Every structure is written in C-alpha cells, then in structure tokens.
Amino acid sequence: MLKFMTAARAAASGLLAAAMVLFLAEAAAAQTLRMWGPEQLNDPEIAKLWNEIKADFEKRNPGVTVQYMQPTGTISNGAVQAAIQSDAGPDVLLTNSGIGRVGVVANAKLVQPLGAAYEKRGWKDRLHPWLYAELKRQFDGEIYEFPDGLDVIGLWYHKDVMTQKGWQVPQTYAQLLALFDEARKAGLQPLVVGPRNNASGGHLFGNLMQVTAGRDKVGEVVAGKRPWTDPAIVASAQRVIDLVERGALAKDMVALDLDAAARLFFTKRAAFMFAGPWFTSNARRAGYDLDKAGFMPLPVDPGQGESLPTGGVGWSWMVSAKSKQTDLALRWIDYIVSQEVMVKRATHASNWMVFPQALPGLQPSTPILKTIFDSANKGVGYNPSVYIPGNVVEAYLQAITGLVGGQVNAKDAMAGIQVQAERAARP
Amino acid sequence: MRTTTGTKADAVSSILFIGPALLIYGLFTLFPALDTLRLSATDATGLNSQANFVGLANFGALAADATVGRVLLQTAQWLVLHVVLAGGAGLAFAVAIASLARTHVFFRTAFFLPHVVSLAVVGVIWAKIYDPYFGLLNGALDAFGLGMLKLGWLSDPALVIFSVNVASSWQGFGIYMLLFVAGLQNIDNSLYEAAEIDGAGVWQRFRHVTIPGLREVMTFVVSLALINGLKGFATIWVMTQGGPFYRSELLTTYIVKLAFQFQEQGRAAALCVVLCALAMAITVAFNRWRESLR
C-alpha cells in the first residue's frame with residue numbers, strides 16, 4: 001500500500017512537472033502581434049473581413065495572437081511617431097504613406113528598413129514593376145514600406161449626362177476646355193473642387209501638373225531635384241488661373257471641402273470632379289448610381305505632358321523599429337500581401353482599394369472600379385500631396401486656394417512653395 | 001506651547017489642503033509652461049530625441065518668417081472682432097432681457113445654449129451655413145429676393161476672418177451675457193428711477209447709469225474676451241485651416257502647423273512664448289488703462 005502511495009505520488013509529481021513544462025513552453029511560444037490599423041474597424045462589414053483575416057493568420061501560426069490597435073491619427077499629425085516611441089506601440093503598422101510621410105519616420109529611424117526582406121521573401125514580385133522601381137528610387141535603394149493600396153486620381157464624370165447632352169468623352173485638353181464651355185452653357189458647374197480643408201485642391205493641381213509638365217518632371221520636383229518655379233510647373237499653376245478666368249472653375253469653390261464639392265457632383269450640378277477610387281464610398285453614401293459614373297485621366301494636347309491618372313502609394317505596411325518581433329511582423333506582411341489575401345480583400349463588397357499588384361481575373365464590385373484598376377495597371381503620375389514634406393504640403397495646398405481664389409499669380413504661388421521646399425531640405 | 005502646536009497643526013492641514021491643487025497645477029500647468037520655455041531654446045523636432053540648445057535662434061527665425069507678421073496682424077483683427085462681436089452681443093442681449101420679468105430665465109437659458117456646443121461642432125455647422133451653393137445664408141438671401149447681397153463668406157479673403165469670427169462669437173457670447181446680467185442685477189434700481197424723474201431717455205439712462213454701473217464687470221469681460229480671442233483656434237481649424245491662402249491664419253493655428261505639420265517644435269514653442277507674452281501684455285495694458293480712467 002505504502003509502495004503504491006509512493007508510486008502514485010511520484011507519478012502525480014511527474015505529471016505536474018510535465019504540465020508545468022508544457023505550460024511554460026506554451027507561454028514562451030505565445031506571441032502577440034500588435035498591429036496599428038486598419039482605420040475603418042468601426043464599420044461592421046470591414047471589421048468582419050479583418051477578423052476573418054486575423055483568425056486565419058492565427059490558425060496558420062499557432063500560439064500567435066493578432067491585436068488590432070485603433071489608429072489615433074497618421075504620420076502627418078504625429079500620432080504614428082508617438083505610438084512607435086511609446087513602450088506599448090505596434091509591431092507592424094498600416095497607415096497613410098507616400099514618400100513625404102514615410103520619409104519622416106524613416107529618417108527618424110522609427111521604422112525598419114525592409115530592403116533585405118524584399119530580397120529574401122520575393123516581395124518585389126508582388127508589386128507592379130513600375131511601383132517597385134518607384135520605391136527603389138526614393139531612399140537611395142532602401143525601402144521602408146510595403147504598399148497596401150494605391151491612390152489613382154482622375155476625372156470623374158456622369159456618363160448619363162454626357163449621353164443626354166450628346167457630348168463626347170474628350171480626347172485632348174482643348175476638347176475638355178470646349179466641353180467645360182458647353183457644360184457652363186447648360187447651367188452646370190463645369191468642374192468642381194473642394195480645397196477648403198483637405199487635399200481636393202491637390203487632386204486638381206497634381207493632375208494639371210501631370211498633363212502640363214509630365215511624370216518625370218513632376219517626379220523631380222517632388223523629390224526636390226527641380227524647383228517649383230520651373231516654367232513647366234508655373235505653367236500648370238497658370239492653367240488653374242485660366243480655368244477660373246474661363247468660367248470652368250468658380251472662385252467661391254475655395255469655400256468648399258471635399259464633401260461639399262462631392263454634393264455638387266453627386267446632385268449632377270457639376271459635370272466633372274477629380275477623385276480617386278475611394279470616391280465610390282462617398283457615392284454609395286450619397287445614393288449616387290455608380291453605373292452612371294465615368295472615369296478618365298486628364299487628357300493632354302498633342303506634344304504635351306502625359307495622360308496618366310495621378311496618385312501613388314496611399315497606404316503602406318511598415319515595421320516599427322522598436323518591435324522585438326520583427327520576424328513575426330514580416331510573416332504578417334508576407335501573409336497579408338499574398339495573392340490569396342489580396343484577392344479576398346479586393347473582392348469584398350466594401351472594397352474600393354487599388355492593390356499594388358496585378359490581380360488577374362479580378363472582378364471589382366462596380367464597372368467604375370474596373371476602369372480605375374485598369375488605369376493603374378498602366379502606371380500613375382504623382383499626386384504631390386503625398387510625396388512632399390508637411391510644410392511643403394501646407395504651402396502647396398494654400399497656394400492652390402490662392403490660385404483658385406485669384407489671390408496670387410502663378411509665379412508667386414510656386415515661389416511660395418519653393419521657399420518651403422528649401423526650408424525642408426535644410427538639415 | 002499650545003499656540004506653537006496649533007500653528008504647526010494649522011500649517012500641516014494647510015499644506016494638506018493646498019497640496020493636491022498645487023500638485024495638479026504644477027504638473028499640468030506650471031511644468032508644461034516651463035518645458036515650453038525650455039523647448040523654445042532648442043531645435044526640437046519631435047523626432048530627434050536629443051534636441052540641441054540654440055539660444056534665441058528660434059525667435060530670430062520667427063522674426064524673419066513673413067508668415068508670422070501676417071499672422072500677428074490677423075490675430076489682432078480676430079481679437080478686436082471677438083471683443084466687439086462676442087462682448088458686444090453679450091452686453092446687448094443682457095440689457096435686452098434685463099427688463100423682462102416672466103420670460104427672463106427662458107431667454108437667458110436660450111441665449112446661453114450655444115456656449116455649451118463644442119467649438120468644433122460650431123465650426124462644422126457654420127461652414128454649412130456659409131456654403132456658397134447649398135448654404136442656409138445665401139439660400140435665405142435668395143429666397144427673400146436679396147440675391148445681390150450673397151457673398152463668398154469663406155472664400156472672400158477680405159471677409160473670411162469676419163465670417164469665422166461671427167461663428168466663434170455666436171458660441172462665446174453667452175458667458176459674457178451671463179456676467180453682464182449679474183452686473184445689471186447689482187445696479188441700484190433707484191438710480192434709474194432718479195434718472196427717469198430727471199427726464200433721462202433710454203439712451204441717456206444706458207449711457208449714464210448702466211455703463212458706469214457695469215464698469216467692473218466690463219473690465220473683467222473685456223479681459224476675458226481678449227484672452228479668449230487670443231486662444232481662438234477651433235473654428236478656424238475646422239472651417240478654413242487658415243485659408244484661403246493664409247488669410248485666416250492665426251497665431252494658434254500657425255503654432256499647431258509648426259509643431260505637428262512642419263515638425264518644428266522648437267519654433268512652435270517660441271511662438272507659444274510670444275503668444276503668452278502678448279496675452280500678459282495686453283491684459284496688463286488694458287487693466288492699467290482702466291485704472292487710469294478712475
């Protein structure tokens with residue numbers, strides 16, 4: 001009996017020790033990946049999608065828990081920097097990007113360089129070739145982000161209004177100007193913009209720069225290698241003034257924000273508006289029939305610029321320099337940018353994103369999105385708002401309101417931006 | 001001996017009572033103020049963990065910044081408009097409802113209501129009122145056949161500060177009105193009766209009885225309005241973000257841009273110091289002027 005008791009006690013002790021070892025091993029293996037974003041988790045549809053993604057990743061990586069952190073802001077307002085610098089910051093981030101913003105956190109060494117991960121994990125092949133080339137150009141060959149979504153900004157119009165009025169989609173800038181005149185005679189606002197407190201003015205001006213100066217020159221300007229006072233850029237600014245003087249753009253539109261401008265467009269009181277794929281979300285909320293929407297890059301006159309939509313990287317994945325789980329963070333990016341997950345996200349009803357890689361056979365939820373996605377396959381020009389530093393963005397957007405409102409001439413407006421560009425370039 | 005013990009006990013209890021308030025004041029007011037002063041002498045960007053001492057360089061840079069001159073001028077405009085519009089409306093409404101007997105409380109509450117609305121919300125609402133295409137104001141002018149009076153309330157550079165200030169003053173006048181109402185209640189009614197017997201009209205009673213009777217309240221209201229005016233930020237930020245083309249930029253909005261958009265926190269702190277010095281100088285100068293009139 002005594003022997004049995006001793007053996008039972010030994011067995012129990014052994015089991016307890018084994019359980020302890022297992023528990024400790026499990027605890028040691030358990031990891032929590034803290035992720036900054038996505039921003040729209042308050043939307044039940046979007047939350048459902050992201051919770052499915054999270055559950056799938058956790059299933060494939062036993063012992064890993066993904067914890068979403070609701071973003072409190074962006075790099076532009078310092079929220080991302082504050083979060084990374086705190087001891088409770090994210091391992092991996094999904095936030096608004098573009099070289100202007102990424103440069104802020106990369107130069108401050110708040111995010112990790114990802115060039116090696118691109119090589120080791122074959123990420124290069126998961127991007128449009130033009131996009132990879134663009135990323136390689138930005139930081140002397142190093143890359144600090146993996147693009148999650150692209151912005152593709154072009155000219156939206158009403159297909160039904162065009163048909164009713166017997167108007168043709170313009171093929172040149174001159175034809176577009178003539179159409180603006182027709183629209184004005186028909187009692188419509190030819191072109192609407194909402195520059196009051198957001199980047200809508202930048203959408204207009206970025207497209208005018210693209211068709212006037214061309215992609216390469218604009219790229220040099222936003223990279224600080226060519227001044228804003230370059231004649232081609234001043235000519236773009238003059239085009240804003242010309243549009244106002246022609247009656248294509250009303251001066252009082254400087255009092256409109258994006259929502260107010262969109263209201264003019266969705267109620268068909270305005271014929272054209274510059275916007276991106278995200279505009280489909282605004283359209284749905286406004287009850288606008290997206291089947292009647294058309295999208296085109298701003299056309300060019302022969303021998304001038306290039307007819308490309310503007311945009312570039314809008315949202316990116318980055319890895320915090322303070323993360324102690326770099327490998328896990330990279331595994332997450334590996335997973336999220338896989339074709340399987342991209343297609344899952346792209347075909348979701350809530351999606352309006354233009355993804356950074358070609359997704360063969362993808363059927364977007366509306367024809368307008370297909371048009372926009374297709375135009376991104378051909379490459380996009382620069383939307384300067386996301387490529388230039390904060391102080392230059394401010395001068396840029398103020399200059400556009402000054403041009404539309406008739407407060408400043410083209411040369412002085414561009415000179416004002418150049419002053420800020422030089423200030424930003426100083427060490 | 002008992003006296004000494006009593007004094008010590010009094011001192012301890014005084015410290016215990018004052019301590020928490022002093023701690024909170026030190027932590028949330030004094031320390032940030034002193035730290036701002038320190039930051040103003042550094043090249044802090046919010047990103048560099050080791051900001052270098054640069055002496056008065058930030059103040060020199062501000063003096064050379066053309067935007068600062070414009071911003072100071074516009075802040076002065078904003079200040080005057082706030083005192084006149086919000087302070088003036090406060091006085092006018094206080095006098096108007098003072099003579100009401102049964103509906104006094106109703107109107108006092110009704111006119112105070114905008115003050116409980118957040119300035120950011122006020123900005124959103126008034127931006128919609130001023131919308132040139134769908135806005136209530138231009139729409140109403142059209143409806144009453146006054147279309148020729150339609151203006152670009154937020155797009156006209158000469159009008160934008162006034163328009164935003166109206167929104168801000170609409171939110172702010174309620175508190176000044178309450179102060180004036182309290183002041184009016186302290187004026188001896190026999191002074192009005194005597195003035196009336198002497199043949200004084202409404203304007204003369206207002207000029208020679210009400211205004212002198214509100215002297216102390218007015219000093220306080222104007223001081224408060226000057227400080228509140230200098231702090232003007234939310235409505236501008238929501239309605240115009242300083243535009244069009246910087247025509248509604250104020251010291252406060254420029255400070256926020258310098259700190260968080262330009263990442264020049266040293267320079268932003270220097271401008272905070274300037275703002276603080278201005279607030280103190282204006283208040284002291286105003287009070288001295290008031291004293292000199294006694």
Side-chain angles (χ1 to χ4, degrees), chain A residues 73-79 81-82 84-85 104-110 189 192 194-198 201 250-257 259-261 263-264 267 269-270 389-395 397-408 412-413 416 419-420 423-424 426-427, chain B residues 43 45-50 52 61 64-67 70 123-124 126-135 137-138 150-160 163-164 235-249 253-254 256-265 267-268:
Chain A
T74 62
I75 292 172
S76 304
N77 64 14
Q81 296 91 308
I84 293 175
Q85 283 169 327
V104 169
V105 284
N107 294 333
K109 298 188 168 43
L110 292 176
Q189 293 292 336
V192 63
R196 179 160 59 83
N197 55 4
N198 50 49
K251 269 186 184 181
D252 57 9
M253 282 177 185
V254 295
L256 302 181
D257 60 8
D259 284 343
R263 202 176 310 139
L264 269 179
T267 53
R269 286 175 61 177
N391 63 319
V392 190
V393 173
E394 168 65 11
L397 297 178
Q398 291 283 357
I400 295 164
T401 60
L403 291 168
V404 176
Q407 288 172 256
V408 64
D412 290 349
V419 167
Q420 291 301 329
R423 183 170 166 179
R426 281 198 288 270
Chain B
D43 62 357
T45 64
L47 299 171
N48 54 348
S49 50
Q50 286 188 327
N52 301 307
D65 185 344
T67 311
R70 178 200 289 251
V124 172
W126 277 83
K128 291 197 184 304
I129 290 172
Y130 287 140
D131 184 304
Y133 298 94
F134 296 96
L137 186 51
N138 279 355
K150 284 189 341 189
L151 295 169
W153 303 102
L154 296 180
S155 59
D156 186 336
L159 205 58
V160 62
S163 303
V164 181
T235 40
I236 288 280
W237 195 252
V238 172
M239 294 173 75
T240 66
Q241 293 218 337
F245 200 53
Y246 308 104
R247 287 305 291 265
S248 61
E249 197 82 85
T253 55
Y254 195 50
V256 168
K257 286 178 182 176
L258 279 174
F260 302 109
Q261 290 183 352
F262 298 17
Q263 303 291 349
E264 293 180 5
Q265 296 189 351
R267 204 175 288 191

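Just so it is clear: chains get the letters A, B, ... in the order the sequence lines come, proteins before strands, and each one is counted from 1. All of these numbers come straight from a predicted model, not from anything done at the bench. Every heavy atom of this structure was used, including side-chain atoms; hydrogens, water molecules and symmetry mates were not.
A distance of 8.0 Å separates CG in B:Asp131 from CZ in A:Arg196, rounded to the nearest 0.5 Å. Here the CD atom belonging to B:Gln263 is positioned 10.0 Å from the CD1 atom belonging to A:Ile75, to the nearest 0.5 angstrom.
Nearest heavy-atom pair across B:Asp65 and A:Arg423 is OD2-NH1, 3.9 Å. Closest approach of A:Gln398 to B:Tyr246, counting heavy atoms only: OE1-N, 2.9 Å.
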Do any side-chain atoms of residues 150-159 of chain B form donor-acceptor pairs under 3.5 angstrom with protein atoms, and if so which ones, sequence neighbours left out?
from	atom 1	to	atom 2	distance (Å)
B:Lys150	NZ	B:Asp142	OD2	3.0
B:Trp153	NE1	B:Asn138	OD1	2.9
B:Trp153	NE1	B:Leu151	O	3.4
B:Asp156	OD1	B:Ala158	N	2.9

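Chosen from A:Val404, A:Val419, A:Leu397, A:Leu256, the residue pairing most often with chain B at heavy-atom distances under 4.5 Å is A:Leu256. When each of B:Tyr130, B:Trp237, B:Tyr133, B:Phe260 is scored by its heavy-atom pairs under 4.5 Å with chain A, the top score falls to B:Tyr133. Ranked by heavy-atom pairs under 4.5 Å with chain B, the first of A:Asp252, A:Val254, A:Ile400 is A:Asp252. Most heavy-atom pairs under 4.5 Å with chain B: of the set A:Ala82, A:Gly201, A:Pro389, A:Gly390, this distinction falls to A:Gly390.
Neither the backbone nor the side chain of A:Ala413 comes within less than 4.5 Å of any heavy atom in chain B. Neither the backbone nor the side chain of B:Val256 has a heavy atom closer than 4.5 Å to any heavy atom of chain A.
Geometrically, A:Arg263 engages B:Phe134 in a cation-pi contact, judged by NZ or CZ lying under 6.0 Å from the ring centre and within 45° of the ring axis.
A:Glu394 meets the salt bridge (charged side-chain N to carboxylate O under 4.0 Å, His left out) test with B:Lys257; sequence neighbours excluded.
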Point to revise | Residue pair B:Gln241, A:Thr401: steps toward the side-chain contact (heavy atoms from CB on, under 4.5 Å) verdict | key: CA-CA 11 Å; B:Gln241 293 218 337; A:Thr401 60; over 6 Å; no
